[in-house]
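Please read these numbers as outputs of a predicted model, since none were measured by experiment.
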Amino acid sequence: MLEGKELILATKPYACEHRAKSWLLTLSTLALLIVSLTGTLVLPYLALRILASVLSGLLIVRMFVIYHDHQHHAILHHSVIAEAIMLTFGIYVLAPSSIWKRSHDYHHKHNSKLFSASIGSYPIITRKKFDSITASERRSYLFSRHPLTIAAGYLSMFMLGMCVQSFVSSPKKHIDSLMALLIHLGGSIAVCYFWGWESWLLFVVVPFTIACGLGAYLFYAQHNFPGVTFNVNQEWCYDKAALLSSSYMVMNPVMKWFTGNIGYHHIHHLNARIPFYRLPEVMQNIPALQRAKVTSLGFRDVCACFRLKVWDPEQDRMISLREARSIRLALLMPKPDPAIVA
């Protein structure tokens, strides 16, 4: 069974795009998104407009995965036209390339490192660290991982995280973050003024809430799932981080299409240069990649992922708050005097 460097090398033949297919999938997704968004404004019946709004949110997710692949140089690299399209889309989706590429590249290089900065990923701390920090620090940590915070990714991850925080931290480096925020707010005002608040909800709020919420959850669950492994920095290994700390998210064919095969996340982390449309092919042809740790979008799996809060090195697994409290109480309880027991 292939492992380590040999496994990474086995994926290299697939890290090659079919240029025509990349263009076809990019332009067709973009065209569908434009048509769907237009439908939220011009379709004659409210039910059809709502349907177009939901569809727009899902198409934004697919287009974001294509944008994400382009940022990894997996598709359409060195194309001036593709660069212009992706820069525009990044600003539209509140994830401009300056902050997205920097934070996401950091995430790939430090995925599952226990004591690295929480750049481009959800923070992870150990049970002992959680017990030692202040109450306000605990609230802040738990807030960042709360289901409602993740569901509100439109505001929490994209508008505030990608745009506001990045610009405040480095205005010159992330001027495109300010541009994205101003264009988004200006566009929202324009839609409200010309088409009304109902159209604003369907054209902006609903699609972005669906896309950013689903995107935030996918990013969370693909590295925070039962069976995930974290390592101290000295013990970190790239291929093991990909296979043991990145999930294979099982989805039906429809959701695989809308999410651009991002569920094959363990393969993506093993070799980020593999185009999204070749990931199923890689898994089918390399048996070692079929032993991935699995999660899904099913209700039970979603609940199981959200229950995980802190890393317990003694048990070598993520545990819930209830488990952490039980361990803390057990440690605080006085141990019986051996003499009395005897």
Side-chain angles (χ1 to χ4, degrees), residues 1-30 61-79 82-83 85-86 89-90 95 97 100-112 120-121 215 218-219 221-223 225 228 236-253 255-296:
M1 189 70 72
L2 294 174
E3 60 181 17
K5 188 176 180 180
E6 290 183 347
L7 181 58
I8 297 173
L9 289 174
T11 67
K12 287 193 71 175
Y14 303 93
C16 177
E17 70 168 329
H18 304 306
R19 196 74 163 190
K21 187 171 186 177
S22 296
W23 272 118
L24 175 63
L25 296 178
T26 299
L27 295 178
S28 61
T29 301
L30 189 60
V61 173
R62 178 173 170 83
M63 190 63 205
F64 189 92
V65 175
I66 293 172
Y67 166 68
H68 153 272
D69 262 29
H70 178 265
Q71 296 293 291
H72 277 300
H73 301 161
I75 62 171
L76 305 177
H77 191 37
H78 296 310
S79 167
E83 185 71 21
I85 291 172
M86 299 306 173
F89 180 78
S97 59
W100 171 255
K101 182 161 180 58
R102 181 181 70 85
S103 61
H104 197 64
D105 285 351
Y106 184 94
H107 164 67
H108 271 258
K109 292 175 183 177
H110 299 272
N111 169 39
S112 84
S121 61
L218 288 171
F219 193 66
Q222 285 166 335
H223 301 288
F225 55 90
V228 67
W236 188 84
C237 176
Y238 183 85
D239 61 289
K240 289 183 179 179
L243 297 179
L244 303 179
S245 306
S246 307
S247 69
Y248 167 50
M249 185 172 284
V250 178
M251 301 183 196
N252 62 51
M255 286 308 297
K256 279 185 180 180
W257 188 87
F258 279 118
T259 60
N261 292 323
I262 201 64
Y264 296 88
H265 211 61
H266 62 303
I267 303 175
H268 170 65
H269 266 268
L270 195 65
N271 191 337
R273 293 293 182 91
I274 300 173
F276 70 98
Y277 50 81
R278 300 199 69 178
L279 293 173
E281 176 188 359
V282 180
M283 187 161 180
Q284 182 178 359
N285 292 342
I286 302 179
L289 298 176
Q290 297 167 12
R291 299 180 291 117
K293 295 182 177 181
V294 174
T295 185
S296 76

Inset, instruction - Please identify each residue that fulfils side-chain hydrogen bond (donor to acceptor under 3.5 Å, both in side chains) with S97, with sequence neighbours left out. - result: none
Inset, instruction - Under the side chain to side chain contact (heavy atoms under 4.5 Å, CB included) rule, what do K5 and D239 come out as? Steps first, then yes or no, please. - result: CA-CA 8 Å; K5 188 176 180 180; D239 61 289; over 6 Å; no
Inset, instruction - Please collect all side-chain hydrogen bond (donor to acceptor under 3.5 Å, both in side chains) contacts where either partner lies in residues 282-291, sequence neighbours excluded, each pair once. - result: Y14-N285
Inset, instruction - Kindly indicate whether the side chain of H265, heavy atoms from C-beta on, has any atom under 4.5 Å from the side chain of M249. - result: no
Legend entry - Atom pair CG (L76) and CD1 (I66), whose distance is rounded to the nearest 0.5 Å: 9.0 Å
Inset, instruction - Would you mind telling me which of I262, T259, L25, L30 makes a side-chain contact (heavy atoms from CB on, under 4.5 Å) with R62? - result: L25
Legend entry - Distance (rounded to the nearest 0.5 Å) between F258 CZ and N252 CG: 10.0 Å
Legend entry - Residues which pass side-chain hydrogen bond (donor to acceptor under 3.5 Å, both in side chains) with Y264, listed by chain and number, not counting sequence neighbours: K256
Legend entry - Intermediate values then yes/no, side chain to side chain contact (heavy atoms under 4.5 Å, CB included), D105 and H72: CA-CA 8 Å; D105 285 351; H72 277 300; 4.2 Å; yes
Inset, instruction - Rounded to the nearest 0.5 Å, what's the gap from OG1 on T295 to CE on M251? Could you check? - result: 9.5 Å
Legend entry - Minimum-distance pair of heavy atoms, taken over all atoms of I286 and A10: CD1-O, 3.7 Å
Inset, instruction - Verify the neighbour count for atom NZ of K240: are there more than 12 heavy atoms of other residues, nucleotides or ligands below 6.0 Å? - result: no
Inset, instruction - Output all residues satisfying salt bridge (Lys or Arg N to Asp or Glu O under 4.0 Å) with E281, sequence neighbours left out; order by chain, then residue number. - result: R278
Legend entry - Expected output: side-chain Q71 to main-chain H104 donor-acceptor under 3.5 Å: no
Inset, instruction - Would you mind reporting whether R273 and K12 have side-chain heavy atoms less than 4.5 Å apart? - result: no
Legend entry - Residues in ring-ring contact (aromatic ring centres under 6.0 Å, His included) contact with H18, at least two apart in sequence or another chain: none
Legend entry - Distance-minimising heavy-atom pair for I75 and H70: O-CD2, 3.4 Å
Legend entry - Least distance between heavy atoms, S79 atom then R19 atom: CB-NH2, 3.6 Å
Legend entry - Spatial distance of atom OG (S28) from atom NZ (K21) [nearest 0.5 Å]: 11.0 Å
Legend entry - Heavy-atom pair with the smallest gap, counting every atom of F276 and G260: CB-O, 3.3 Å
Legend entry - side chain to side chain contact (heavy atoms under 4.5 Å, CB included) evaluation trace for H268 with V65: CA-CA 12 Å; H268 170 65; V65 175; over 6 Å; no
Inset, instruction - Give the minimum heavy-atom separation between V228 and S245, together with the two atoms involved. - result: CG2-CA, 3.8 Å
Inset, instruction - Kindly indicate whether the side chain of H73, heavy atoms from C-beta on, has any atom under 4.5 Å from the side chain of E17. - result: no
Inset, instruction - Show the numbers, then the answer: is there a side chain to side chain contact (heavy atoms under 4.5 Å, CB included) between L270 and L289? - result: CA-CA 10 Å; L270 195 65; L289 298 176; 3.7 Å; yes
Inset, instruction - Could you pull out all residues at least two apart from N111 that satisfy side-chain hydrogen bond (donor to acceptor under 3.5 Å, both in side chains)? - result: H223, S246
Legend entry - From L243, N261, I274, residue fulfilling side-chain contact (heavy atoms from CB on, under 4.5 Å) relative to I267: I274
Inset, instruction - Grab the two heavy atoms, one from W100 and one from H68, that are nearest each other, plus how far apart they are. - result: CZ2-CD2, 3.9 Å
